[in-house]
Structure formats: C-alpha cells, structure tokens
Q: 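Have a look at this one before I ask anything.
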Amino acid sequence: STLLTLSGVQHHYGRGTRAVAAVGPLDLHVNAGEFVVVVGPSGSGKSTLLRLIAGFEHPSTGTVELAGQPPVPGRDVGVVFQQPRLFPWRSVDGNINAALRWAGVPRADRAAASVDLLAKVGLSGLGARRVWEISGGQQQRVAIARALAARPRLLLLDEPFAALDALTRERLQEDVRTLTNRDGQGAVFVTHSVDEAVFLATRIIVLTDRPGRIAADIAVPLPRTGV
Ligand code: ADP
Ligand code: ADP
C-alpha cells in the first residue's frame with residue numbers, strides 16, 4: 001500500500017531573483033515496508049527532500065502526503081539527523097521520556113515504553129546514564145530510539161552515521177536494517193555512501209543537482225538478509 005506520495009513537488013529557498021531551486025519538479029511514491037536510500041552529490045537537494053517529507057518545510061508547489069494526509073513532524077515521521085541532537089545534561093531515559101511525552105504516550109506507560117525502545121536499539125541497562133557519559137554511537141542509538149517513540153509510519157534518516165567511526169557505523173547499519181526489516185517500517189535514508197546505500201536499500205534513488213531531480217530509481221533486486 002502507498003505510504004508516501006509526492007506529487008509535482010518543487011521547492012526553492014528565497015524569493016524572486018534570489019530564489020534558489022533546491023528540489024523538483026518530482027513525483028515519488030513509497031510503499032509501506034520500503035527502505036529507500038537517496039544518494040546524490042552535495043547540493044542535489046537530499047536534505048531538502050527529507051525536510052519536505054518530514055513536514056518541516058512546505059513545498060513551494062505540489063503536495064506531500066503520508067497515508068493521505070500532510071505529514072505532522074514528530075507524529076507521523078521519526079527523524080534522525082547526522083548529529084544526535086539530544087539533551088546532553090539529561091539521562092538517556094530522560095531523553096526518551098521527553099519524546100514519549102511529546103508523542104502523547106500516557107505517563108503511566110512511559111517507563112515500560114522506554115525499556116522496550118532501549119532494548120530495540122541495543123542499549124538495555126543504560127537508561128540512567130547521562131548523555132555525555134555514553135559514546136557517539138550510543139548517542140546515535142538514543143536518537144534512533146527517540147525517533148521511534150511515536151511509532152512513526154516512516155523513519156527519516158539524514159546521514160545518521162556520517163560522524164561515526166567505520167566499525168560503529170557498520171554495526172549501526174546492521175541494526176537499523178534488522179529493525180526496519182522486523183517492523184516493516186518505511187524508511188527514507190540519505191547518504192553520500194554508495195556502499196551504505198547498497199547494504200540498506202530495497203530501492204535507491206539518485207538525485208542530480210541543478211535542481212534536485214530524480215536521475216535514477218532502482219529497485220535493489222536481492223531481498224535483504226540479516227534478520
Ligand atoms: P544536499 O542535502 O543534497 O546537499 P540540500 O537540500 O542541502 O542538498 O540543498 C539543495 C540546494 O538548496 C543547494 O543549492 C543549497 O545551497 C540550497 N539550500 C539548502 N538549504 C538552504 C537554505 N536554508 N537557504 C537557502 N538555500 C538553501
Ligand atoms: P533530571 O535531568 O531532572 O535528573 P531526567 O532527564 O533524568 O531528569 O528525566 C527527565 C524526565 O524523565 C523526568 O520527568 C523523569 O521523571 C523521567 N524519567 C527518568 N527516568 C525515567 C524512566 N526510567 N522511565 C520513565 N521516565 C523516566
């Protein structure tokens with residue numbers, strides 16, 4: 001079933017003669033359970049495309065619909081950025097709890113939900129640690145747990161592993177792949193790395209620069225393994 005639909009979407013920053021075309025025009029349909037990886041050179045509109053899908057940005061023309069409605073940030077989509085953007089002075093549980101509260105999970109259910117989320121991202125037992133006491137890779141795991149707090153239909157990831165060392169990156173790639181395989185969650189993932197794209201994607205979209213259009217849309221033929 002269709003999860004995400006972009007119809008005639010075009011986006012530019014600024015107005016008039018100073019307007020910068022960033023994305024489109026493009027059309028895109030993503031089905032539930034697809035793991036779409038968007039690759040393309042710097043400036044090709046990858047981040048803008050994610051911001052449009054997240055609902056952080058409204059397209060200059062065209063429409064973005066998630067299950068037939070405009071996306072509501074933090075409710076329908078979970079977003080993970082290159083930097084984890086956590087509250088550094090709070091505990092891991094405190095960060096996840098804030099996301100659960102924001103997602104409308106009743107207070108009485110939050111502790112159990114937090115335990116589940118930490119288990120999902122491989123951080124069981126670390127809830128009481130302060131964010132500044134855990135590694136960069138662990139912080140990114142907290143960011144993923146937070147993005148999953150609202151049980152979003154769609155997970156958006158913008159170069160989430162770019163700042164991590166190679167070994168940590170590999171482990172997190174495996175875990176994200178397992179996680180989305182298991183839950184059948186849709187995902188749109190932006191990366192510079194073709195290796196990462198091939199490892200994670202069920203579908204790869206290549207954007208060209210000037211201005212961000214879809215140059216190729218490739219179904220990855222082999223089913224993903226590793227569950
Ligand atoms: P990518 O993520 O592929 O590097 P971006 O979506 O960041 O591409 O950028 C696409 C185009 O939009 C680029 O030309 C960039 O300079 C421009 N752009 C991105 N963000 C802004 C902004 N906030 N204001 C003005 N121009 C922007
Ligand atoms: P502080 O920085 O004030 O010590 P935390 O950042 O640890 O607080 O926690 C912030 C919020 O998260 C508080 O409302 C706290 O009650 C809640 N919280 C902390 N740990 C848990 C947990 N294990 N389960 C559910 N909620 C928690």
Side-chain angles (χ1 to χ4, degrees), residues 3-30 34-66 70-74 76-86 136 139-140 143-144 146-147 152 154-164 166 168-169 172-173 176-177 180 185-220:
L3 178 60
L4 173 71
T5 307
L6 278 71
S7 307
V9 164
Q10 227 174 336
H11 195 66
H12 44 255
Y13 293 103
R15 286 165 188 280
T17 53
R18 298 181 59 183
V20 177
V23 160
L26 58 80
D27 296 302
L28 177 65
H29 298 271
V30 176
E34 277 193 296
F35 198 115
V36 178
V37 177
V38 180
V39 295
S42 182
S44 61
K46 303 184 296 297
S47 293
T48 303
L49 181 63
L50 273 200
R51 287 206 293 274
L52 291 167
I53 296 171
F56 295 148
E57 203 80 66
H58 295 289
S60 308
T61 30
T63 55
V64 177
E65 288 188 340
L66 199 72
V72 176
D76 303 321
V77 289
V79 187
V80 182
F81 302 95
Q82 184 173 335
Q83 301 300 331
R85 302 189 187 188
L86 304 173
Q139 289 180 16
Q140 202 53 299
I144 294 168
R146 229 171 45 159
L154 188 63
L155 194 57
L156 302 179
L157 307 106
D158 193 352
E159 302 258 10
F161 310 142
L164 303 174
T168 306
R169 186 161 60 230
L172 269 162
Q173 282 172 5
V176 161
R177 192 167 76 161
T180 51
Q185 199 145 35
V188 180
F189 186 107
V190 163
T191 182
H192 276 105
S193 158
V194 172
D195 282 352
E196 193 160 83
V198 169
F199 182 78
L200 286 168
T202 62
R203 181 176 168 194
I204 298 175
I205 289 178
V206 183
L207 288 188
T208 52
D209 50 359
R210 305 179 157 285
R213 291 192 207 207
I214 295 174
D217 187 342
I218 307 151
V220 178

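Counting starts at 1 for both ligands and their atoms, following the listed order. As the structure is a computational prediction, the values presented were derived from the model and not from experiment.
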Q: Applying side chain to side chain contact (heavy atoms under 4.5 Å, CB included) to Q139 and L86, what does each step give before you reach the verdict?
A: CA-CA 8 Å; Q139 289 180 16; L86 304 173; 4.0 Å; yes
Q: Heavy-atom count check: over 12 atoms from other residues, nucleotides or ligands less than 6.0 Å from H58 NE2?
A: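 No, because the 6.0 Å sphere around NE2 of H58 holds 12 heavy atoms or fewer from other groups.
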Q: Can you tell me which residue and heavy atom of the protein come closest to atom 27 (C) of ligand 1, and the distance to 0.1 Å?
A: Y13 CD1, 3.2 Å
Q: Out of S42, S47, G40, G14, indicate the one that has the non-hydrogen atom closest to atom 7 (O) of ligand 1.
A: S47
Q: If the cut-off is 4.0 Å to any non-hydrogen atom of P41, which atoms of ligand 1 fall inside it?
A: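 Taking each heavy atom of P41 in turn, ligand 1 has 3 (O) under 4.0 Å.
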Q: Is it possible for you to check whether R177 lies under 6.0 Å from the centre of the six-membered ring of F35, through NZ or CZ, and within 45° of that ring's axis?
A: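 No - R177 does not lie over the ring of F35 by the 6.0 Å and 45° rule.
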Q: For atom 4 (O) of ligand 1, find the nearest protein heavy atom and state the residue, atom name and distance (0.1 Å precision).
A: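 The protein heavy atom lying closest is G43 N, 2.7 Å.
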Q: Is ligand 1 under 4.0 Å from a heavy atom in the side chain of H11, in the backbone, in both, or in neither?
A: neither
Q: Is there a nitrogen or oxygen of A21 sitting under 3.5 Å from a nitrogen or oxygen of ligand 1?
A: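 Between A21 and ligand 1 (N or O atoms, distance only) the closest approach is not under 3.5 Å.
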Q: Counting only heavy atoms on the protein side, is anything nearer than 4.0 Å to atom 25 (C) of ligand 1?
A: yes
Q: Pick one: which of H192, K46, Q83 meets side-chain hydrogen bond (donor to acceptor under 3.5 Å, both in side chains) with E159?
A: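 The single option meeting the side-chain hydrogen bond (donor to acceptor under 3.5 Å, both in side chains) with E159 is H192.
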Q: Report the nearest protein non-hydrogen atom to atom 16 (O) of ligand 1: residue, atom name, distance rounded to 0.1 Å.
A: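 I find the closest protein heavy atom is V20 CG1, 4.9 Å.
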Q: Within ligand 1, which atoms have a heavy atom of R51 less than 4.0 Å away?
A: 20 (N)
Q: To the nearest 0.1 Å, how far is atom 8 (O) of ligand 1 from its closest protein heavy atom, and which atom is that?
A: G45 N, 3.0 Å
Q: Filter on side chain to side chain donor-acceptor pair (under 3.5 Å), then keep only pairs touching residues 14-28, sequence neighbours left out; what's left?
A: none
